[in-house]
Amino acid sequence: MINYMIKHYFCLNYKKWIYTFVALHILGIVIKYIAPGIYLPKGTTLVFFDYLFIYLSFPLVIILVLPIIYCYLIGDIITRDFKSGYIELLLPRISNRITYFISKVAIVYITSNLLFLCCLVNIIIVSFLYKIPFKGKCYYEVVTCSIKSGGSIITTLIQQYGLFIITFSALGLFILIISLIFNNSVYSFIGVILLVLQGRNSVFDDHSKMFFSPIAQGILSLHSPFYFYGSSNKIDANFENFTVSYSMKYLWVMLLLLFVIGCFRIRNMNIARKD
């Protein structure tokens, strides 16, 4: 059942992924040109690892562009089943409704990984096309923190990967719940936009709200200790406790709650009435 639903999703949505890959490539080019002026000292050269972590931690990318793209990719994976009548044919033929919901959760996990892979591949492609050097001095706080603390950039990349996947998996489950409640993908976009606005406010206006923003959790550069390497002015005390460990715990709790809500909703909803 789960394998079938995954194949069914990609058969229906492969064009969306092509468009997404192109959009992420254009985004990578834009970041390549604007990043040095924002994050690097004047006159320095952008190197690969700076570019890699800037792309994956660029605030407007994480709190605006990627959430909208991700909602575009999975926003209708449940509502389409309702509108086509496919769900009424499918559910009586499986062991229980929870299996159907789990298949959608599996799609969320796979697509969040695939979105990360698309970003990573585009980073590599842009790096080769524009001859971004792999060797050289790094200036971006995430990279300099990793080097000066004696850690490994690979370890930091694993942290970035973990934050990215769990952030967008939580976002994906949120989209599924909205779809199950309202049976309309428009409400999924509205819900994501509200999270985007809350994330934007927490990152740029009121840092104390970052602790409760699902999307802001995905920005590695805002976490302690990385943030402090890029701050030469007065340090905001809110960042001291905003750690990767905190974000992982917060997002895991959110994932668990959303999963329970989703299971409860799919078990009790009236499919025939499409409520």
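Residues: numbered from 1 along the sequence shown.
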Contacts of Tyr55 that satisfy ring-ring contact (aromatic ring centres under 6.0 Å, His included) - sequence neighbours left out | none
Evaluate the side-chain proximity of Leu222 to Met210: yes if any heavy-atom separation is below 4.5 Å, no if none is.
-> yes
Any residue meeting ring-ring contact (aromatic ring centres under 6.0 Å, His included) with Phe264, in chain and number order, not counting sequence neighbours | none
Would you say the side chain of Leu56 lies within less than 4.5 Å of the side chain of Ile62, judging by non-hydrogen atoms?
-> no
Quick one: which of Ser247, Pro59, Ser213 gives a side-chain contact (heavy atoms from CB on, under 4.5 Å) with Ile219?
-> Pro59
Report the C-alpha distance between Ser179 and Thr79 in whole Å, list the side-chain angles of each, state the deciding distance to 0.1 Å, and finish with yes or no for side-chain hydrogen bond (donor to acceptor under 3.5 Å, both in side chains).
-> CA-CA 6 Å; Ser179 297; Thr79 56; 5.3 Å; no
For the ring pair Tyr140 and Phe49, is the centre-to-centre distance below 6.0 Å?
-> no
Side-chain donor-acceptor pairs under 3.5 Å in residues 162-177, sequence neighbours left out?
unit_1: Thr167; atom_1: OG1; unit_2: Leu163; atom_2: O; d: 2.6
unit_1: Ser169; atom_1: OG; unit_2: Ser112; atom_2: OG; d: 3.3
unit_1: Ser169; atom_1: OG; unit_2: Ile165; atom_2: O; d: 2.7

List, by chain and then residue number, the residues other than Leu257 in its hydrophobic cluster (Ile/Leu/Val/Met/Phe/Trp/Tyr, side-chain heavy atoms under 4.5 Å); write none if there are no others.
-> Val253
Taking the six-membered ring for Trp, is the centroid-to-centroid distance between Phe242 and Phe211 below 6.0 Å?
-> yes
Counting only N and O atoms by type, is there a donor-acceptor contact under 3.5 Å from the side chain of Asp50 to the main-chain atoms of Cys138?
-> no
Is it true that Leu46 and Tyr33 fall in one hydrophobic cluster, defined by side-chain heavy atoms closer than 4.5 Å?
-> yes
Residue pairs passing the salt bridge (Lys or Arg N to Asp or Glu O under 4.0 Å) test where at least one lies in residues 167-192, sequence neighbours excluded | none
All pairs passing side-chain hydrogen bond (donor to acceptor under 3.5 Å, both in side chains) where residues 115-133 contributes a residue, at least two apart = His25-Asn122
Tell me who clusters with Leu12, hydrophobic residues only, linked when side chains sit under 4.5 Å apart either directly or through other members.
-> none
Hey, are the side chains of Val244 and Met248 touching, using non-hydrogen atoms and a 4.5 Å cut-off?
-> yes
Val65: what forms a side chain to side chain contact (heavy atoms under 4.5 Å, CB included) with it, not counting sequence neighbours?
-> Leu27, Ile69
OH/Tyr187: more than 12 non-hydrogen atoms of other groups inside 6.0 Å | no
Is there a side-chain contact between Asn201 and Lys209 (heavy atoms, below 4.5 Å)?
-> yes
Quick one: list whatever passes salt bridge (Lys or Arg N to Asp or Glu O under 4.0 Å) with Arg80, sequence neighbours left out.
-> Asp76
Validation row: Leu24, Leu66 side chains within 4.5 angstrom (heavy atoms) | yes
Looking at side-chain heavy atoms only, is the closest gap between Tyr161 and Leu120 below 4.5 Å?
-> no
Sorted by chain and number, sequence neighbours left out, ring-ring contact (aromatic ring centres under 6.0 Å, His included) with Tyr109 holds for none
Quick one: salt bridge (Lys or Arg N to Asp or Glu O under 4.0 Å) pairs with a partner in residues 99-118, sequence neighbours left out?
-> Asp81-Lys104
Exercise answer: donor-acceptor pairs, residues 14-21 side-chain atoms, under 3.5 Å, sequence neighbours excluded:
unit_1: Lys16; atom_1: NZ; unit_2: Tyr72; atom_2: O; d: 3.1
unit_1: Trp17; atom_1: NE1; unit_2: Tyr9; atom_2: OH; d: 3.1
unit_1: Thr20; atom_1: OG1; unit_2: Lys16; atom_2: O; d: 2.8

